[in-house]
Structures are given as C-alpha cells and as structure tokens.
**Q** 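Can you read through this structure? Questions will come right after.
Values below: all heavy atoms of this structure, side chains included; hydrogens, waters and symmetry mates excluded. By convention in this document, chain letters (A, B, ...) are assigned in the order of the sequence lines, proteins followed by strands, and residues within each chain are numbered from 1. Remember, it's a predicted structure, so these values are computed and weren't measured experimentally.
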Number of protein chains: 2
Amino acid sequence: MVTIKDVAKKAGVSIMTVSRVINGKSNVREDTREKVLKAIEELGYVPNSMARSLVIKKTATIGLVISDVTNPFFTTVARGVEDTAITKHFTVILCNTDENPEKESMYVEVLARNRVDGVIFTSASGKKNPLKSLFIKKIPLVLIDRTIEGLEDVDVVRGDSVLGAYLLTKHLIELGHRRIGIIVGSKTISTAVDRIEGYKRALKEFDIPIDESLIKINDKSKFSKEDGYRLTKELLDMENPPTAIFGGNNLMAVGAILAIRELGLSIPEDISLVSFDDIESLSEVYPFLTVVKQPAYTMGVIATELLIRRIERKDRIKEKREILLKPELVIRKSTAPPKIKN
Amino acid sequence: MVTIKDVAKKAGVSIMTVSRVINGKSNVREDTREKVLKAIEELGYVPNSMARSLVIKKTATIGLVISDVTNPFFTTVARGVEDTAITKHFTVILCNTDENPEKESMYVEVLARNRVDGVIFTSASGKKNPLKSLFIKKIPLVLIDRTIEGLEDVDVVRGDSVLGAYLLTKHLIELGHRRIGIIVGSKTISTAVDRIEGYKRALKEFDIPIDESLIKINDKSKFSKEDGYRLTKELLDMENPPTAIFGGNNLMAVGAILAIRELGLSIPEDISLVSFDDIESLSEVYPFLTVVKQPAYTMGVIATELLIRRIERKDRIKEKREILLKPELVIRKSTAPPKIKN
DNA sequence: CTGAAAGCGCTAACAC
DNA sequence: GTGTTAGCGCTTTCAG
C-alpha cells in the first residue's frame, strides 16, 4: 500500500511537504508541488482519510437513519440529504431501521464508532435512549419527520402532521362522511400522535363525536403496508363500519387499497380513502389517491443544512430549532360522498 | 473525548486488556472483564473505528454506487445490499451518480480514500477509467446491473437484458405489432446495448425488417423519465409512427406514458407500451403496465455476498464470475393488438 | 518555503 | 492472564 511516505521518498521531499500539497496549502513552491504531484500520479497514491480523521477529529461523514429506503417518502428525503451533503463534501452512511428499536440502537452505535460528524435521525421508538452514545460523544443531531420528547440542543425538521391530518379529515367531512376510520403506527411515533390529533380536531370542529373504535393504532410501531391491510380489515369488519378511511401514511394506504379490494368494495363508490404522503411514481401514472403531500426532498435538504451548520459551528444558536413544513392537500379520485348518509 | 486509555486508567488495567475486552477475546479473567466493562459504561466509552481500521487495515465498510436511489429498481437493490451487509457487520456508504461520469469518478475517489473494503458499482460511463483508484488499491469490486467490457477479477451480477427484451418484443409481435419503437439510454451502458439486441433478435426471429429509425438512443446516457418523454414524442412524431413502444426502463416508460397521454392517445387502444423493470408501488395499486421484472432485491443480496466473500478471501477463485438473473414477463393491461395491421 | 518530532486511538507481537 | 513496545498514515507544532 502506497503511503505519504512513499510519495515523499519518490519526490525527494519530506512527508510534510506532500501533506501540504495534498491539502492544497499555498506555502509550497510551484516546482516542488509539481514534483510531488508527479510522484502521486506515478505511484497511484490515494490519501487515507482515516489516518487524517484520526488526527483532525473530523470525518466529513454524516449518518442518515430512516425506517426504510424502500418507502418513497424516505427515498426522497435520502436524496435530498445526499445531494446537499455532497455539495459540502460530506459522505453519507445510510441506515434502515425498519422501525425496529434494536436496529435503531445498533446503527447509532455503529455511527458513533465511526465518529460521524453528525446524524440525521428518524425515530421509531420515540425514545432518547438509543441516541445515548451520540449524546455522550456530543455528536450533532437533527431529527427528521418525527420528534422525540424532551430533547434539547437538537433541531427538528418535520411536516405539520396535525395540519395535514386536519385537512384530510375536513375534506372527508365536507363530502358528507361522518364515520371516518383512521389507521396509524404506534403512539411512540410522533407523527401517529399528531395525525390523530389533527383528525380529532377536524371532527370536533364539525361537532362529530369521536368514536375511539374508529381509531386503529398499530401497537407494533410500524406504518407498513401489512399493517394498513390488517387494520383496514378490522375497520371494515365492524358492525357499523366507517364510510371513509384515513391511511396514516402512503404504505398503509396501499395496504388499505388491497384490503378494500379484497372485500369486493370499490373506491370511492363504496368507501373513500385518503392518505398521508404521496407516492409520486404512482400518482404520476395513475392520479387516483387523494393525499396530503409533504416536501420530502426539501426536508432532507434543510435537515442537512442545519446539521452541517451545527457541525461547522457556524451557528451560535444553542437552543432547539424546529422547522415545520406545510403539507399540501391534493384531491384526486379516491374520495366521494358516502353512499348512505349517516 | 474518552479513549481506551481513560478506560484503562479507570479500570486499573493496561490498555491492552481493555482492547481485549472490547474485541471479545477470551483470554481475560472474568473479574477483570467486569471491571473494564464497568469503566466503559461509566465513562460512556465508544471505541474509535478509525483508529482500529488504521491498524488492522479493514474498515468493515462497503461502497454502493448506483445511479439514483429514487429509481424503485435501485432502491430495492440498495435494500438488498444493506440487509445483507449488516448481517456480516458491514456498513454501507451510498452514492448516487445520476449517471454522471464526473460524479462517478468523484465517488470512487471518496470511497478509495475512505478505504472501503469493497465496492458494488453500477456503471454509467461503461468505462473502466473511473474505477482506477479502486484497482490501484486493489479494492474488491462487483458490478451490478451493468457490465463493463474488458474487466478481469471483477464479478458481475445482472439481469438477462437480452432475454428480457426478447420476451417483451416477442409479446408485442405476437399481438400483431410490426412497427415497434424502442427507447433506451446511451450505448455506453451495457443494458442499453443488450436490450436493443434482444429486441432485434425477436424481430429477426419473426422476419420483421429492422428499422433503425425506430430505435431511439439517448446520447446523454440517461435512462430517465424526461428522456423517455422526449424520445417517445420523437417516435410518435414520425411519418409512420410505431404501434407499440418498448420503454428501456421503468422511468423511461413513465415518461412514455406522459408523452402518449399528452398527445391525446390511449394505451393500449392507440398504442401499446411495455417496460423493462417494474415499479412495484405502482403495479400493486394499478396493475397496468406490461413489464419484464428483474429480481432487484436478490441482485443486491447476491452482489453483496460475492463481494464480502472476496473481501474475506473465502474465495480461492480468481477469475471473473458472472451471475445472470432471469427476468420475468408480467403481462398486464398496457398491451393489445394494433388498431391497423401493417 | 521546508522538515523533524510528537502523537491521534488503537492492535500485533511479543514479553512476563 | 496481562502488560510493554512499536507503529498504522497522517497532521500539528515548532525549528530552521
């Protein structure tokens, strides 16, 4: 393996001079620089970032912890993060937790060991605990999409779930729906709590009594297709089933569609369906689902910018900053007035 | 920052003993181990992977270079890679090149500097050149989805594009189509070349003359939605336009749909459309596009397994291995016999 | 403008 | 079982 030493020997200079050339320091005579560059080229020398990081205590790496890249929402977030990181010369390590608290802790540990300069984190557990090793090492952190209670010194970038859920529910109510089911992930996830709140707020505003049996919460934390499928079936198996369903996120909505179809019902004739979060590749080709859309890419960009600013200490600000992004209601074809008014 | 030294001091042992505990070596007395563990806990010590890597010359990190995580095909590949990597305790660094040769080179350089143990690579340029620093450092490499000519010592995991394109084209021919347009990315990309080959093979088999004007190749290398849109328009603007279009990949097919609709035509009544690669979130909800599906997740898994085996030198094999995965034809609703038989 | 010495946090190899 | 020494590849002083 060729090292800085080999380059120095070949170029007939000290390693310090080579180091200066590599790092583009100005105080090197032009002909020395050229000699060094030539040696680097001939030897095929590639600097070792780890040796460098060990000394300077920076890695130019950030960790991105999300539940699943396969979820279109998170892939867009990830893209925003990566695009932004690269402009600032940061590399990103991607971690999928599948909303599994153990994976969550494991990845945090891996990131801490790798001394990433910062972490962008989507919490599944809603607990601060898994983040322990980051706090100990004082690694800058920004939460994305989901908050965690009682965290200081941590920025949060998220969509306004309360508002989004309110808009979606209101839309349904205005169409005439009174029995609206909602399916969400576990209460440990802030978006689940917020979306239920927005839902309830809309109902209250229209003086519709809240029927807790219409609120289906997945105890196993996930906002997955399978959970959407299962919870929708539970809703439709009720004696007095809802006339509309609110899918807590895009995957749950897909699960709901599958469940509804399997029961031989049609959307929106028999039942209306709305979803939090869009699926772009779907809606482009088949603009069917009525959704509330979040600026996922922008979320990734902002989170990364805030993070890097913290890393570079360009922020004197010490307190927690919370960026709340507005969701956008997109009405398509999956909603219609209910068949029978109740 | 707490180091192994601090732990050693606190536990009243040498740093070597702490190192042994951290690495789970057996030759440490039980009570010493406990003392050390207690000190680690109290101090909140997290081992520094870089210092370790510097000595052992392994990073337990692999690089994954793809064109775009946002493309459902690659997100699934990425998921397969990550899931497999983690079971072997490898971390993955994700790189999106957008099929841009400069980004490609840049990322390879970053990965080489970070001394990743191996790289899984999707080539956009089709050239070996960007991989130079990997070869110099003898970093194990496996190509995924797309091959590069004239590379030894490199495994390739890819779908059988020739077969897939053949199946798709044959399906169209059997429906009665004679003028079939095809849109693909640049010829520097092996899948573009292969898909054209499969297309031609099917035409020849049915004695249909090949009309080169029906073969639209994007010179700017990308297999993107925008390119699909543009090339489709070009095809449909012809004097004697095709009755069916073969989208070179999923994104191009989406672009094609958009272009076709914009011209006021319907699929499959006015024009048939097929696509290489599925979009799962779309087809689940709206099983419309006739496609050839590739086992993306499996590709990621196999590529990672091959790579890690090389990294761990469990393979005595030195020659290039090529894994060719079978595609699967899924006939849905976007294809029908042509209106006018030509 | 250039170089020599020290050390980042850890492990390999060898003592004891 | 446990500790000592050397050194991984680089940058940070500080001399010259």
**Q** Hey, does the side chain of A:N48 reach the backbone of A:M50 with a donor-acceptor pair shorter than 3.5 angstrom?
**A** yes
**Q** For B:T32 and D:dG1, is the shortest distance between a side-chain N/O and OP1 or OP2 below 4.0 Å?
**A** no
**Q** Look at all strands and tell whether B:S53 reaches a base, only sugar-phosphate, or nothing, counting heavy atoms closer than 4.0 Å.
**A** nothing
**Q** Check the surroundings of atom CD in A:E42: do more than 12 heavy atoms from other residues, nucleotides or ligands lie under 6.0 Å from it?
**A** yes
**Q** Would you say that more than 12 heavy atoms from the other residues, nucleotides or ligands in this model lie under 6.0 Å from the CD of B:E30, or not?
**A** yes
**Q** Tell me whether the side-chain N/O atoms of A:S14 come closer than 4.0 Å to OP1 or OP2 in C:dA4.
**A** no
**Q** Less than 3.5 Å apart, any donor N or O on the side chain of B:N96 or B:Y107 sitting next to an acceptor on the other?
**A** no
**Q** Can you give one letter per nucleotide of nucleotides 7-16 of chain D, 5' to 3': B if a protein heavy atom sits under 4.0 Å from the base, S if only from the sugar-phosphate, - if neither?
**A** BBBBBB----
**Q** Nearest-Å distance, CZ (B:R33) to P (D:dG1)?
**A** 11 Å
**Q** Could you list all the salt bridge (charged side-chain N to carboxylate O under 4.0 Å, His left out) pairs where at least one residue sits in residues 134-147 of chain A, not counting sequence neighbours?
**A** A:E99-A:R146
**Q** Taking B:V18 as the fixed residue, which of B:D6, B:V36, B:T3, B:T32 is the one that meets the side-chain contact (heavy atoms from CB on, under 4.5 Å) rule?
**A** B:V36
